Amino acid sequence: MRTFPFPVDLSLLGVGMQVGPMGSGRTWHAQAPLRRVHRIDFHVVMLFTGGPVRHMIDFAEYEAAAGELLWIRPGQVHRFSPDREYRGTVLTMQPGFLPRATVEAAGLYRYDLPPLLRPDAARLAGLTASLDQLRREYEDATTLPLSLHTAVLRHTLSAFLLRLAHLAADPDRARGRVDTPGDRTFVLFREAVERGFATNHSVSAYADALGYSRRTLVRAVRAATGETPKGFIDKRVVLEAKRLLAHTGMPIGRVGAAVGFPDAANFSKFFQQHTDQTPAAFRAELR
C-alpha cells in the first residue's frame, strides 16, 4: 500500500502545515485515492460544521457530526465516505513541524486515544476560535518575513493542539489532575510497544526492560486505557496485521512473521481469536 507524504508543494509558502475549508476540490496529494483506503504520514484534524459523515480509520467506522472532530495520526489508514459531503475546516501538519516539547505535551502520537472527539460547547468555542486564528495566520502570507511567519504559525498551531490534547485526554486529566508516576509509566510502555510489538509480545519483558514490576505496569496501563498490558500489546499487533493483510500482497505466513509469529498456524489462531475471522477471510472481505 502506498503511503502519501505531506504535500509541501500545496502548502502556502511551503510551510509544514495547511489549514482551510473542506471540500470536494481539496486534496493532499494529486494521486491520493480519497474514496479508497490509503495511508498518510502526517496529521489530519477535521472540525465539522455539517454532517454526519462516516469515516473509516484503522478499520473502525466513526460517525462525525457538526461540532465534532476527527484526528488522524501519521501511519493510520483511513477512507473518506464516498456518498457524504465533508463540511468544516481541515488542518494537516507535517511531522517535525513542531518542536519535540510541544509534540510530547500535545500527545501527537497517542495512538491509544480515540480519533473521534466530541467537545462540549465551551471547549468547542475555544477550539473553533483557536483554529480560526490559525487559519488567519496561515493565509496572511505578506505581513511578515517567511521565518517570522513560520514561527507565528508554530506558536498558534501549538495553542490549538494543546486545546485538542486536553479534550482527548482522560476525564480526570481534563479536569486538571496533574500527571502521576503512573502516567509516565504508561507513556514509556506505549513507546516501547510501538518500537517492539513486531518481535516482543511479553508483558514481563517490557516491565523488565523499563525497570518496573509487572504489577506496577498493570496498574499504570489499566489506569490509562482500561485494559491490561497484554491486551494493549495484542491490540497493536492485530492492527498491524490488519494493515498488512489489507494493503499488501504479502502471503499470510509472511504477515504473521512480520508481527512476531514465525509459525503461520499460531498467527492464524491468534488473529481469529481477536477478530472472529481468519486472516484469509479478513483479506477477502476487503477485496
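Given the structure is predicted, the values throughout are model-derived calculations rather than measurements.
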Close side-chain approach of Phe271 and Leu245, heavy atoms under 4.5 Å: yes
Polar side-chain atom of Tyr86 near backbone of Ser81 as donor-acceptor pair, under 3.5 Å: yes
Atom pair CZ (Arg219) and OG1 (Thr185), whose distance is rounded to the nearest 0.5 Å: 9.0 Å
Carboxylate-amine/guanidinium proximity below 4.0 Å for Asp58 and Lys242: no
Closest heavy-atom pair and its distance - Met22, Val90: CG-CB, 3.9 Å
Test log, rule side chain to side chain contact (heavy atoms under 4.5 Å, CB included), inputs Val255 and Arg283: CA-CA 11 Å; Val255 171; Arg283 172 173 273 174; 4.2 Å; yes
Transitive ILVMFWY side-chain link Tyr212 to Val193, under 4.5 Å: yes
Rounded distance [0.5 Å steps], CZ in Arg163 versus CG in Leu124: 11.0 Å
Least distance between heavy atoms, Pro74 atom then Pro95 atom: CG-CG, 4.1 Å
Side-chain touch Glu104/Val187, heavy atoms, less than 4.5 angstrom: no
Distance-only polar pair, side chains of Ser204 and Arg214, donor-acceptor under 3.5 Å: yes
Closest contact, heavy atoms only, Met56 versus Glu61: CB-OE2, 3.6 Å
Arg136 and Asp140 ion-paired at < 4.0 Å: no
Worked verdict on Leu157 versus Leu98 for side chain to side chain contact (heavy atoms under 4.5 Å, CB included): CA-CA 8 Å; Leu157 175 59; Leu98 292 177; 4.0 Å; yes
Test item: Pro229 and Tyr206 side chains (from C-beta on) under 4.5 Å apart, heavy atoms: no
Phe270 vs Val259 side-chain heavy atoms within contact, under 4.5 Å: no
Under the side chain to side chain contact (heavy atoms under 4.5 Å, CB included) test, residues paired with Ala280 that sit two or more places apart: Ile252, Thr278
Atom pair CG/CG of Leu210 and Leu217 - distance to nearest 0.5 Å: 7.0 Å
Partner of Met46 by side chain to side chain contact (heavy atoms under 4.5 Å, CB included), out of Leu91, Ile72, Thr89: Ile72
Shared hydrophobic cluster for Leu12 and Met93 (ILVMFWY, side-chain gaps under 4.5 Å): yes
Gap between atom CZ of Arg73 and atom NE2 of His43 - 0.5 Å precision: 7.0 Å
Carboxylate-amine/guanidinium contact Glu194 Arg190, below 4.0 Å: no
Heavy-atom side-chain contact between Leu167 and Leu69 under 4.5 Å: yes
Pairwise distance OG1(Thr156) to CG(Leu131) - rounded to 0.5 angstrom: 11.0 Å
Side-chain heavy atoms of Pro115 within contact of His55, under 4.5 Å: no
Pair Phe97 and Phe6, ring centroids less than 6.0 Å apart: no
Heavy-atom closest contact (Val53 atom, Glu85 atom, distance): CG1-O, 3.6 Å
Pro279 versus Phe267, closest heavy-atom pair with distance: CG-CE2, 3.7 Å
Side chain to side chain, Pro119 and Leu127, heavy atoms closer than 4.5 Å: yes
Within one Ile-Leu-Val-Met-Phe-Trp-Tyr cluster: Tyr138 and Leu144, side-chain cutoff 4.5 Å: no
Side chain to side chain contact (heavy atoms under 4.5 Å, CB included) between Glu139 and Val19, worked out: CA-CA 9 Å; Glu139 292 174 348; Val19 59; over 6 Å; no
Parallel, tilted or perpendicular: ring planes of His201 versus Phe261, cut at 30 and 60 degrees: tilted
Over all atoms of both residues, closest heavy-atom pair of Arg87 and Gly51: NH2-N, 3.7 Å
Test of ring centre spacing under 6.0 Å for Phe282 and Phe59: yes
Within 6.0 angstrom of Lys269 NZ, more than 12 heavy atoms from elsewhere: no
Euclidean distance, Arg79 CZ relative to Ile57 CD1, rounded to 0.5 Å: 11.5 Å
Worked check of side chain to side chain contact (heavy atoms under 4.5 Å, CB included) between Val221 and Thr228: CA-CA 6 Å; Val221 176; Thr228 65; over 6 Å; no
Heavy-atom check, side chain of Phe186 versus side chain of Phe232, under 4.5 Å: yes
Arg154 bridged to Glu137 by N-O distance under 4.0 Å: no
Flag, side chain of Arg39 to backbone of Gly75, donor-acceptor distance under 3.5 Å: yes
ILVMFWY network linking Leu164 to Leu162, side-chain heavy atoms under 4.5 angstrom: no
Verify same cluster id: Tyr62, Val44 (apolar side-chain graph, 4.5 Å): yes
